[in-house]
S.K.: 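Let me begin by handing over the structure; questions about it come next.
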Number of protein chains: 2
Amino acid sequence: MSTRENIAAAADDLFYERGFEATSFADIAGVVGISRGNFYHHFKTKDEILDAVIDRRIAKTRKMLETWEAKGQTPVDRIGCFVRILIRNRAKITLYGCPVGTLVSELGKLNHVSQSRANALFSLFSDWLAMQFRAMGCDEVTGVQHARHLLARSQGVASLSQALRDDDFIDAEVDLMLAYAAAAAPDYSEKGD
Amino acid sequence: MSTRENIAAAADDLFYERGFEATSFADIAGVVGISRGNFYHHFKTKDEILDAVIDRRIAKTRKMLETWEAKGQTPVDRIGCFVRILIRNRAKITLYGCPVGTLVSELGKLNHVSQSRANALFSLFSDWLAMQFRAMGCDEVTGVQHARHLLARSQGVASLSQALRDDDFIDAEVDLMLAYAAAAAPDYSEKGD
DNA sequence: TCTGTTTTAGGTCAAATGTCCTAGGATTCG
DNA sequence: CGAATCCTAGGACATTTGACCTAAAACAGA
C-alpha cells in the first residue's frame with residue numbers, strides 16, 4: 001500500500017475514533033510512522049486528507065453494499081445485513097458511535113465545506129435501502145420513507161449505545177428493526193412467522 | 001445574571017453549536033464581553049466550564065420535564081411533549097443535532113472524564129419516559145424498553161436531520177413516534193382512533 | 001552509470017490555545 | 001472613612017497546531 005493510502009487509512013481510523021478536529025498531523029504521522037513534514041508532499045492541507053478519507057469511506061461503503069447485494073437472497077435478508085452492522089461493529093460503535101453520523105455531526109458544527117460530501121455517505125445507505133424496499137414491492141415514495149426511517153433508527157441506536165453501553169439494548173433494537181423490515185412489504189398481512 | 005452564569009450560558013450555546021473542543025476561551029469571552037484572563041477567576045480550567053454547562057443542562061432539563069409533567073393530561077400527552085421537541089427545536093437540530101447526543105458523542109471520542117456526567121442527561125429523559133410508560137400500565141421492564149426505544153428514535157431523527165435537512169421527514173417521524181407511544185399501552189387493541 | 005523525478009526527514013514559522021500572574025478597580029462592611 | 005475581599009483587564013507563558021521550505025535520499029529510465 002502506498003504512503004498516501006497509509007495516511008488516508010490512518011486518518012480514517014483516527015477521524016472516527018477521536019474526531020476530525022481532535023486529530024493532528026502528528027497523530028497521523030505517528031500511526032503511519034513517517035515524519036510530520038512529509039505530509040505536505042501527499043496532502044496540501046488537512047481538508048484534503050478529509051476529502052480523501054470521505055472518498056475512501058464512500059468506496060468502502062459501495063463495496064460493502066455490493067457484497068450485501070450478492071449475499072442476501074431476499075430484500076429482507078439484505079436489509080438484515082445493514083441492520084446487523086450494529087451488532088457486528090458493536091464494540092467500536094459503543095465507544096465512538098456511527099462513523100457516518102458522528103462525522104456529519106462534527107462537520108456540521110464546524111461549518112465545514114465537506115459536510116455535503118459526508119452527507120453522500122448517508123445517501124448511499126438511504127438509496128440502497130430504498131432500492132431493497134422497492135424490490136419488496138413498495139412504491140417509490142414509501143420505499144424512501146422506509147429507508148430513511150430505518151437509517152434514522154440505526155443512527156439512534158448507535159447514538160444511545162455510546163451512553164448506555166448495554167449489549168441487550170442493541171440486540172433488542174436490532175430485532176425490532178428486522179421485524180420492521182419484514183413487515184414493510186405491501187402484501188404483508190399479520191400472518192405471523 | 002452573574003458573570004459566572006453568563007459564562008456558563010455562553011459556553012452552553014457555543015459547546016452546542018461548535019462543539020466543546022472547537023470552542024475556545026476567546027470565543028466565550030467574545031460572546032460574554034469580558035477579557036480572556038478574567039476566566040481564571042471564575043473557572044480554573046476548561047473542564048470546569050464543561051461541568052458547569054452540564055450542570056446547567058441537567059437543571060434546565062429537569063425544569064422542562066416538570067413543565068411537561070404539569071402540562072400534559074395523560075402520559076401519552078406528556079410523551080408527546082418530548083417527541084415534539086424535534087419540531088420545536090427543528091431549526092437548531094437541523095444545524096447542530098441533538099445537544100445531548102452530540103455532546104456525549106464528542107466527549108466519548110475525546111475520552112473525556114465528564115462523559116459519564118453527560119450521560120446523566122440521557123438518563124433524565126430515559127427515566128422520565130419510563131415513568132410515563134409505567135403510568136400507562138406498562139410493567140417496569142417494558143416501560144424502560146419503550147423509553148429507550150423512543151429516546152433512540154428521537155436521537156436518530158436528530159442525527160439524520162443534519163444530513164437531510166428535510167422538514168417533512170421530521171414531521172413524519174414525529175407522527176410515527178406519537179403513534180408508537182399511543183400504541184404502547186398494554187390494553188391497546190387496534191381500536192382505531 | 002548518469003540524470004531527473006519522486007519521496008522523505010527535519011526544521012521553521014506564525015497563529016492560536018489553555019493556563020496563569022499581577023496590578024488596578026469596584027464593592028462591601030466595620 | 002478605611003480595610004478587606006471580590007472582580008476585572010491585560011498580558012505573559014509554554015505548548016501545540018497547520019502550513020511550508022529545503023536538502024538529502026530513493027528511485028526510475030536511458
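Worth knowing before you read on, the calculation uses all heavy atoms, side chains too, and leaves out hydrogens, waters and symmetry mates. Per chain, numbering begins at 1; letters A, B, ... match sequence-line order.
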S.K.: Which class fits the ring pair A/His146 and A/Tyr180: parallel under 30°, tilted 30 to 60°, perpendicular over 60°?
M.R.: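 Perpendicular, since the angle between the ring planes exceeds 60°.
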S.K.: In whole angstrom, give the distance that lies between atom NZ of B/Lys46 and atom P of C/dA16.
M.R.: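 After rounding, the reported distance stands at 15 Å.
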S.K.: Check every atom of D/dT8, C/dA9, C/dT12 against the side chain of B/His42 and return the nucleotide holding the closest atom.
M.R.: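 Minimum distance to the B/His42 side chain belongs to D/dT8.
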S.K.: Categorize A/Thr23 for me: base, sugar-phosphate, or nothing, with a 4.0 angstrom heavy-atom threshold over every strand shown.
M.R.: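 Counting heavy atoms under 4.0 Å across all strands, the contact made by A/Thr23 is with sugar-phosphate only.
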S.K.: Taking the side chain of B/Ala26 as heavy atoms from C-beta outward, which of C/dT6, C/dT17, D/dA9 is closest to it?
M.R.: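 The nucleotide sitting nearest to the side chain is C/dT17.
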S.K.: Phosphate oxygens OP1/OP2 of D/dT8: is one of them under 4.0 Å from a side-chain N or O of B/Thr3?
M.R.: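 So the side chain of B/Thr3 is within the cut-off, an N or O lying under 4.0 Å from OP1 or OP2 of D/dT8.
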S.K.: A/Phe125, A/Val76: one ILVMFWY side-chain cluster at the under-4.5 Å cut-off?
M.R.: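 Yes, same cluster.
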S.K.: Once you round it to whole Å, what is the distance between P of D/dC7 and NZ of B/Lys44?
M.R.: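 Distance, rounded to whole Å: 12 Å.
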S.K.: Given atom CD1 of B/Ile7 and atom P of D/dT8, what is their separation to the nearest angstrom?
M.R.: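 Distance check: B/Ile7 CD1 to D/dT8 P gives 8 Å.
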S.K.: Spell out, yes or no, whether A/Ile87 and A/Leu150 are grouped together once hydrophobic residues are joined by side-chain heavy atoms under 4.5 Å, including indirect joins.
M.R.: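 Hydrophobic grouping puts A/Ile87 with A/Leu150.
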S.K.: To the side chain of A/Phe25, which of C/dT7, C/dG18, D/dA19 is closest?
M.R.: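 Nearest to the side chain of A/Phe25 among the choices is D/dA19.
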S.K.: In this structure, how many angstroms lie between the P atom of C/dA16 and the CD atom of B/Glu21, rounded?
M.R.: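 So the two atoms are 17 Å apart, to the nearest Å.
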S.K.: Could you check how far CZ of A/Arg36 sits from C1' of C/dT8, rounded to whole Å?
M.R.: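 Roughly 14 Å, once rounded to whole Å.
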S.K.: Output yes when at least one side-chain N/O atom of B/Ser24 is less than 4.0 Å from OP1 or OP2 of C/dT17, else no.
M.R.: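 Checking C/dT17 against B/Ser24, a side-chain N or O does come within under 4.0 Å of OP1 or OP2.
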S.K.: Are B/Val83 and A/Leu176 in one and the same hydrophobic cluster, where Ile, Leu, Val, Met, Phe, Trp and Tyr link if side-chain heavy atoms are under 4.5 Å apart?
M.R.: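 Looking at the clustering, A/Leu176 is in a separate group from B/Val83.
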S.K.: Can you tell me how far P of C/dT6 sits from OH of A/Tyr40, to the nearest Å?
M.R.: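 My rounded result for the distance is 16 Å.
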S.K.: Measure from the side chain of A/Asn38, starting at C-beta and using heavy atoms only, and say which of C/dT19, C/dT8, D/dA9 lies closest.
M.R.: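 My answer, after comparing the listed nucleotides, is C/dT8.
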S.K.: What integer distance in Å separates B/Leu14:CG from C/dT17:P?
M.R.: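 One finds 12 Å between P of C/dT17 and CG of B/Leu14, rounded.
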S.K.: Once you round it to whole Å, what is the distance between P of C/dT7 and CZ of A/Phe43?
M.R.: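 Value for this atom pair: 12 Å.
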S.K.: Looking at D/dT8, I'd like to know if its phosphate oxygens (OP1 or OP2) sit under 4.0 Å from a side-chain N or O belonging to B/His41.
M.R.: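 B/His41 to D/dT8 OP1/OP2: no side-chain N or O under 4.0 Å.
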S.K.: Kindly indicate, with the supporting measurements, whether the criterion side chain to side chain donor-acceptor pair (under 3.5 Å) is fulfilled by B/Asp139 and B/Thr142.
M.R.: CA-CA 5 Å; B/Asp139 62 89; B/Thr142 312; 2.7 Å; yes
